[in-house]
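Just below is one structure, and these are the notes that go with it.
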Amino acid sequence: MRLNRKYRLLIVFTISFMATAAVVAQNITQHDPDKQLREAAREATQYWEKELSLTAKQANLMEKKIIEFAIKKNKLIQSKMREEAKTKRLQRLQELEYKDMRDILTGPQYERYIKLSKERIRKQKRKH
């Protein structure tokens with residue numbers, strides 16, 4: 001039962017991130033999806049930089065990872081794959097993203113990152 005809850009949280013986090021990317025994308029006049037995702041990733045990085053007191057090196061690495069995973073998630077969402085398969089792959093991508101972030105962040109930063117991510121998920125759930 002706990003795994004199911006974990007996966008639901010991962011799905012919601014992924015959807016909320018993509019929704020944020022979509023909102024940012026609407027404000028950009030150019031229709032380059034990668035550029036739009038990069039801009040959303042930049043904004044996300046600025047948020048994490050402030051919340052986690054990232055070093056310049058950590059912020060740079062985190063932004064690259066956010067961009068990398070946002071592009072992968074976007075391509076997966078755009079694919080013609082069955083929804084169940086998409087969901088499973090999105091969950092796996094989110095797990096990999098968390099793992100990669102663990103390599104970038106210190107222990108306390110990572111714990112705060114996970115805590116804040118879950119809070120953002122809860123807030124998104126309340127909105128919908």
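Because the structure is predicted, anything quoted here is derived from the model rather than measured. In this chain, numbering begins with 1 at the start of the sequence shown.
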Q: Decide yes or no on salt bridge (Lys or Arg N to Asp or Glu O under 4.0 Å) for R122 and E119, but give the supporting numbers first.
A: CA-CA 5 Å; R122 277 188 234 117; E119 286 176 9; 5.2 Å; no
Q) Do the side chains of Y113 and M62 get nearer than 4.5 Å, heavy atoms only? A) yes
Q) Does a side-chain heavy-atom distance below 4.5 Å link Y47 with R120? A) yes
Q.
I'd like to know if the side chain of Q58 reaches the main chain of I104, judged simply by a donor and an acceptor atom lying under 3.5 Å from each other, with no hydrogens or angles considered.
A. yes
Q | Side-chain ion pair, E39 and R42, N-O less than 4.0 Å | A | yes
**Q.** OG-CD distance between S117 and Q94, expressed to the nearest 0.5 angstrom
**A.** 7.5 Å
Q | Pairwise side-chain contact, E43 with R38, heavy-atom cut-off 4.5 Å (strictly under) | A | no
Q. Hey, does L105 have a side-chain heavy atom less than 4.5 Å from the side chain of L52?
A. yes
Q) Would you say the side-chain atoms of K86 pair up with the backbone N or O of Q78, donor to acceptor, closer than 3.5 Å? A) no
**Q.** E63 CD to W48 CH2 distance, which is reported to the nearest 0.5 Å
**A.** 14.5 Å
**Q.** CZ on F69 to CG on D100, rounded to 0.5 Å
**A.** 4.5 Å
Q) Would you say the side chains of Q109 and T106 form a donor-acceptor pair under 3.5 Å? A) yes
Q | Pairs where residues 45-62 contributes a residue and the test salt bridge (charged side-chain N to carboxylate O under 4.0 Å, His left out) is met, not counting sequence neighbours | A | E51-R112
Q: State, to 0.1 Å, how close I66 and A41 come at their nearest heavy-atom pair, and which atoms those are.
A: CG2-CB, 3.4 Å
Q: Enter the distance from Y98:OH to I114:CD1 here, rounded to the nearest 0.5 Å.
A: 5.0 Å
**Q.** Side chain to side chain, L90 and I77, heavy atoms closer than 4.5 Å
**A.** yes
Q | From T45 atom OG1 to I67 atom CD1, the distance as rounded to the nearest 0.5 Å | A | 7.0 Å
Q) Can you find a heavy atom in the side chain of K72 that is under 4.5 Å from one in the side chain of E97? A) no
Q) Roughly how far, to the nearest 0.5 Å, is the OG1 atom of T87 from the CE atom of M81? A) 10.5 Å
